[in-house]
Amino acid sequence: MSFSTDVKKEISMNIPTARHCQIAELAALFEFGGKLIPAENRMEFQTENSLAAKLYFTLLQKLCKIRCDVRVMRAHDNVYFLNIYDEDAEKAAKMLKLSENRESVNSLLVEKMCCRRFFVSGAFLAAGSVNNPAKSYHLEIVCDSEKQADRLMNLINSFGVESRIVIRKKYHVVYLKDGGQIIDVLNVMEAHQSLMSMENTRIVKEMRNEVNRRVNCETANITKTVNAAVKQVNDIEFIRESGAFAALSEPLRQLAELRLANPEASLKELVALLDGNVSKSGVNHRLRRLSEIADNLRKKTQ
């Protein structure tokens, strides 16, 4: 079972107790999976998600004792069709404050913050998905129109997150890519078990990334130190082979001999070997001077 399915299963089992929240969630399910067919005096809800179909059916029963005609089309994935007709369709449309030929629900249904929570839950259940957090952070809800996407984005963002919209083929998709904000939305939808699961995965993932960053940083520093030491030894040996070693000043010759005797020592270790009489920057300056002398000698031999 995928993480997205786990989230949907959890929120589908959390049926609101307040009537106004039940209507808000039913409204979201209808807006993202339903349509009015006035010519047939019919209201249809279509989904490939059995959890969404079950919740839609349950909410209709709880709110107004309306029974649905349920059909299942078996293809690659089951497709569920829930239809209500005539007086029942009119009754449901009135409850959702739908006008004729209008498929979007009235904004009055989501004025309360608690109703917004269940509207977002219903929208996610009908048209949303979320990636396995062990792989990547991505939550999205697919919308049929720009107007629908703008409205949903504003509802989600009213909880202090920053969802955005991207156009994908003929759809507008409201999405989040920040792990912390996805956790906030799971909290909005009251998917607390999924939230804890994602939080644990996120902590482990971030700790692993931090360890990798530190290891990479330390490896890079070690490589840089080793490469510098190798060049310093090569420069000093070139000076000696060129017969210019004796012409070096006493401080430079002392450090050159110390470096040759300790090719793997760090600058800090070289300072210690000099009994602390020279600072780290002083040692570094002398090594750079030796490199300059070697470079000048190479130019003369070319």
Side-chain angles (χ1 to χ4, degrees), residues 2-12 14 21 24-35 46-49 51-52 55 102-206 209-210 213:
S2 69
F3 181 72
S4 190
T5 301
D6 288 341
V7 174
K8 291 187 176 185
K9 183 176 180 180
E10 186 175 357
I11 64 177
S12 70
N14 182 29
C21 291
E25 189 162 32
L26 179 65
L29 287 168
F30 176 77
E31 180 166 332
F32 286 85
K35 59 182 177 181
Q46 177 183 337
T47 180
E48 294 181 1
N49 188 334
L51 297 171
L55 182 60
R102 181 183 165 191
E103 297 182 3
S104 60
V105 299
N106 196 300
S107 59
L108 294 173
L109 297 180
V110 288
E111 283 191 328
K112 295 183 177 181
M113 193 63 76
C114 57
C115 293
R116 292 180 188 178
R117 287 179 177 273
F118 284 101
F119 188 91
V120 173
S121 295
F124 179 80
L125 192 58
S129 64
V130 58
N131 286 4
N132 182 342
K135 297 179 180 179
S136 63
Y137 300 135
H138 185 86
L139 182 149
E140 67 174 39
I141 300 176
V142 180
C143 304
D144 290 328
S145 67
E146 181 179 4
K147 182 179 179 181
Q148 187 184 56
D150 283 337
R151 182 181 178 210
L152 178 63
M153 180 184 70
N154 290 332
L155 282 175
I156 293 174
N157 291 357
S158 70
F159 291 97
V161 299
E162 295 182 9
S163 62
R164 298 181 179 180
I165 297 172
V166 64
I167 299 174
R168 187 184 300 155
K169 295 183 179 179
K170 64 177 182 177
Y171 298 105
H172 288 72
V173 181
V174 178
Y175 73 95
L176 287 160
K177 282 188 171 293
D178 179 81
Q181 294 198 349
I182 292 173
I183 285 175
D184 289 341
V185 171
L186 292 177
N187 187 49
V188 166
M189 299 189 295
E190 299 185 359
H192 298 130
Q193 291 183 4
S194 298
L195 183 156
M196 291 303 297
S197 175
M198 179 172 176
E199 188 70 283
N200 290 337
T201 301
R202 183 167 167 248
I203 290 171
V204 171
K205 189 175 180 180
E206 290 183 356
N209 289 340
E210 179 62 23
R213 277 194 294 270

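We count residues from 1, following the sequence as given.
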For side chain to side chain contact (heavy atoms under 4.5 Å, CB included), just list the numbers for F159 and N187, CA-CA rounded to whole Å, side-chain angles, deciding distance to a tenth of an Å, and then say yes or no.
CA-CA 10 Å; F159 291 97; N187 187 49; over 6 Å; no

Less than 6.0 angstrom from the centroid, inside 45 degrees of the normal: does K205 satisfy that with respect to the ring of Y137?
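Yes, a cation-pi geometry holds between K205 and Y137.
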
Would you name the heavy atoms of [X] and [Y] that are closest together and state the gap between them?
X    : Y    : result
K8   : G128 : NZ-O, 2.7 Å
H138 : R168 : NE2-NH2, 4.4 Å
P133 : T201 : C-CG2, 3.9 Å
L125 : S12  : CD2-CB, 4.1 Å
S4   : S129 : OG-CA, 3.4 Å
V110 : C115 : CA-CB, 4.2 Å

Does any N or O in the side chain of E10 come within less than 3.5 Å of the main-chain N or O of H192, such that one atom is a donor and the other an acceptor?
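Answer holds: yes.
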
Does the side chain of [Y] come within less than 4.5 Å of [X]'s, by heavy atoms?
X    : Y    : value
Y175 : L139 : no
K147 : H172 : no
V7   : M189 : yes
E206 : E210 : no
F32  : L152 : yes

Yes or no on side chain to side chain contact (heavy atoms under 4.5 Å, CB included) for N14 and F118, after CA distance, side-chain angles and deciding distance?
CA-CA 9 Å; N14 182 29; F118 284 101; 4.1 Å; yes

Distance (rounded to the nearest 0.5 Å) between [X] [atom1] and [Y] [atom2]:
X    : Y    : atom1 : atom2 : result
R116 : L109 : CZ    : CG    : 12.5 Å
I141 : I165 : CD1   : CD1   : 11.5 Å
Q181 : S163 : CD    : OG    : 8.5 Å
N131 : M198 : CG    : CE    : 9.5 Å
I11  : L186 : CD1   : CG    : 9.0 Å
I167 : E146 : CD1   : CD    : 6.5 Å

Can you list the steps and then say if S121 with E190 is a side chain to side chain contact (heavy atoms under 4.5 Å, CB included)?
CA-CA 8 Å; S121 295; E190 299 185 359; over 6 Å; no

Verify the distance criterion only: is there a donor paired with an acceptor across the side chains of D6 and S194 at less than 3.5 Å?
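The criterion, which ignores hydrogens and geometry beyond distance, is not satisfied for S194 and D6.
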
Mark yes when over 12 heavy atoms from residues, nucleotides or ligands other than [X] sit less than 6.0 Å from its [atom1]; otherwise mark no.
X    : atom1 : result
F3   : CZ    : yes
Q193 : CD    : no
E162 : CD    : no

I'd like to know whether R151 forms a side chain to side chain contact (heavy atoms under 4.5 Å, CB included) with Q148, so could you lay out the CA-CA distance, the side-chain angles of the two residues, the decisive distance to 0.1 Å, and finally the verdict.
CA-CA 5 Å; R151 182 181 178 210; Q148 187 184 56; 5.9 Å; no

